[in-house]
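In what follows, a structure is listed as structure tokens, so that the remarks can point back to it.
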Protein chains: 2
Amino acid sequence: MTKQVNDSPEAADLRRADSLAREIFSDVANKWALLIIEALGERTLRFSELREEVEGISHKMLTQNLRMLERNGLAERTVHPTVPPRVEYTLTQPGRDLRETVDRMCEWTHRHFSHIEDSRQRFDA
Amino acid sequence: MTKQVNDSPEAADLRRADSLAREIFSDVANKWALLIIEALGERTLRFSELREEVEGISHKMLTQNLRMLERNGLAERTVHPTVPPRVEYTLTQPGRDLRETVDRMCEWTHRHFSHIEDSRQRFDA
DNA sequence: CCGGATCCTTGCCGATACTG
DNA sequence: CAGTATCGGCAAGGATCCGG
């Protein structure tokens, strides 16, 4: 029933890769994920420290995004079996690679700060 | 009434800049905006061409994000007063600068493709 | 061909409460 | 301290129509 004509295994692979790429992009290209990655940097931070570091993020969004980053292998989670529990997060190598590009985005923001501010004022008039 | 103690004009400026930076980040760090920027590249595309280029975007999201990019001075909109109307979009220089970093993000995705795929499978088990 | 406006659905996100 | 579960409000996003 769902059989498709003009379809090769290679084409199917390409579609799979495409949809995965899109999925990764959707995961990563969101405000909170990028801010968390930026906050982590080269450091190792606890959950509560991250919560303070990432201005305005809620408990829920933080856990949610941390799970997502862990799932994609961008961040690592280590639980120290003490009481009270101590959970630490750090970027993996791929995560640190991604951080490089996030850094560039931040630089970009600052470099074009006044251009953007001006453009907005003109547009809003 | 709303006067704050321990507040200098400099501190106020910093807070303004911070919130603006965050705002720009929120605008730009979203899936559709980045995909549009990537699709535009060095080219000039019509609305309808963009709609085909950016797989799965709706009419509404496209206009919405194009307005946003225009407002921030990242894209330029030119209307040719023909009938039927012809509207073209192209990246400004700041927009092309940002595109560089988006390109890097795409490269990153492909470079770590298998790592991510593997990590996901392990995590989902 | 483009884009604004409207209606309606979906799912994001915050708040809260409860476990280990 | 860290994480999960649940609920509810509200904004994001899709479908459609109309107007330039």
Side-chain angles (χ1 to χ4, degrees), chain A residues 19 22-37 39-40 43-72 74-91 123-125, chain B residues 19 22-37 39-40 43-72 74-91 123-125:
Chain A
S19 87
R22 174 66 70 96
E23 217 179 302
I24 295 171
F25 210 78
S26 302
D27 273 0
V28 157
N30 88 66
K31 176 180 149 182
W32 291 130
L34 295 185
L35 287 173
I36 291 172
I37 289 172
L40 270 176
R43 300 178 292 173
T44 295
L45 292 181
R46 307 183 55 168
F47 183 87
S48 44
E49 290 168 336
L50 263 173
R51 190 147 160 50
E52 289 166 13
E53 208 71 19
V54 181
E55 180 77 16
I57 195 169
S58 72
H59 184 104
K60 188 180 180 178
M61 284 302 98
L62 185 52
T63 46
Q64 210 166 90
N65 280 280
L66 283 172
R67 287 298 155 280
M68 182 273 287
L69 292 176
E70 195 190 351
R71 181 171 118 92
N72 288 320
L74 306 192
E76 211 166 12
R77 176 172 178 268
T78 27
V79 184
H80 297 82
T82 60
V83 45
R86 178 185 186 84
V87 182
E88 294 182 330
Y89 294 91
T90 185
L91 292 181
F123 188 93
D124 294 343
Chain B
S19 88
R22 174 66 70 96
E23 217 180 301
I24 295 171
F25 208 79
S26 302
D27 273 359
V28 156
N30 89 65
K31 176 181 150 182
W32 292 129
L34 295 185
L35 287 172
I36 292 172
I37 289 172
L40 270 176
R43 301 178 292 175
T44 295
L45 292 181
R46 308 183 51 169
F47 183 86
S48 43
E49 291 169 336
L50 264 173
R51 189 147 160 51
E52 290 166 11
E53 207 72 20
V54 181
E55 180 76 17
I57 195 169
S58 72
H59 184 104
K60 186 180 181 178
M61 283 303 97
L62 185 52
T63 46
Q64 209 167 92
N65 279 279
L66 283 172
R67 284 300 154 279
M68 183 273 288
L69 292 176
E70 196 190 351
R71 183 171 115 94
N72 288 319
L74 307 191
E76 210 165 12
R77 176 173 179 266
T78 28
V79 184
H80 297 82
T82 60
V83 45
R86 178 185 187 85
V87 183
E88 293 182 330
Y89 294 90
T90 185
L91 291 182
F123 188 93
D124 292 344

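Because the structure is predicted, anything quoted here is derived from the model rather than measured. Each chain gets a letter, A, B and so on, in the order the sequences are listed, and its residues count up from 1. Scope of the values below: all heavy atoms of this structure, side chains included, with no hydrogens, waters or symmetry mates.
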Report each atom pair, protein N/O against N/O of nucleotides 10-14 of chain C, whose distance is under 3.5 angstrom.
{"unit_1": "C:dG14", "atom_1": "OP2", "unit_2": "A:Ser58", "atom_2": "OG", "d": "2.5"}
{"unit_1": "C:dG14", "atom_1": "O6", "unit_2": "A:Lys60", "atom_2": "NZ", "d": "2.3"}

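Residue B:Arg77 places no side-chain N or O under 4.0 Å from the OP1 or OP2 atom of C:dC2. Residue B:Arg86 places no side-chain N or O under 4.0 Å from the OP1 or OP2 atom of C:dC2. At the phosphate of D:dA2, neither OP1 nor OP2 sits under 4.0 Å from any side-chain N or O atom of A:Thr63. A:Arg46 has a side-chain polar atom (N or O) that falls below the 4.0 Å cut-off from OP1 or OP2 of D:dA2. A close approach under 4.0 Å does occur between a side-chain nitrogen or oxygen of B:Arg67 and OP1 or OP2 of C:dG4. For the pair B:Arg51 and C:dC1, the criterion of a side-chain N or O lying under 4.0 Å from OP1 or OP2 is not met. For the pair A:Tyr89 and D:dG3, the criterion of a side-chain N or O lying under 4.0 Å from OP1 or OP2 is met.
A:Asn30 places a side-chain N or O within donor-acceptor distance of the main-chain N or O of A:Trp32, the cut-off being under 3.5 Å.
If you measure from atom CG of B:Asn30 to atom C1' of D:dA11, you get 14 Å, rounded to the nearest angstrom. Nucleotide D:dG3 holds its C1' atom 12 Å from the CD atom of A:Glu70, rounded to whole Å. Atom-to-atom, CD of B:Glu49 to C1' of C:dC2 comes out at 13 Å; the value is rounded to the nearest Å. In this structure, the CG atom of A:Leu62 is 16 Å from the C1' atom of C:dA15, given to the nearest Å.
Nearest nucleotide to the side chain of B:Phe47, out of D:dA2, C:dG3, C:dC1: C:dG3.
Note that CG of B:Leu40 and CD of B:Glu76 are 11.5 Å apart. Values are rounded to the nearest 0.5 Å.
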Just list the side-chain donor-acceptor pairs under 3.5 Å for residues 54-68 of chain B, sequence neighbours left out, or say none.
{"unit_1": "B:Ser58", "atom_1": "OG", "unit_2": "B:Met61", "atom_2": "N", "d": "3.2"}
{"unit_1": "B:Thr63", "atom_1": "OG1", "unit_2": "B:His59", "atom_2": "O", "d": "3.2"}
{"unit_1": "B:Thr63", "atom_1": "OG1", "unit_2": "B:Lys60", "atom_2": "O", "d": "2.8"}
{"unit_1": "B:Asn65", "atom_1": "ND2", "unit_2": "B:Met61", "atom_2": "O", "d": "2.8"}

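Of the residues listed (A:Glu53, A:Glu88, A:Glu49), the one engaging A:Arg43 in a salt bridge (charged side-chain N to carboxylate O under 4.0 Å, His left out) is A:Glu53, and it is the only one.
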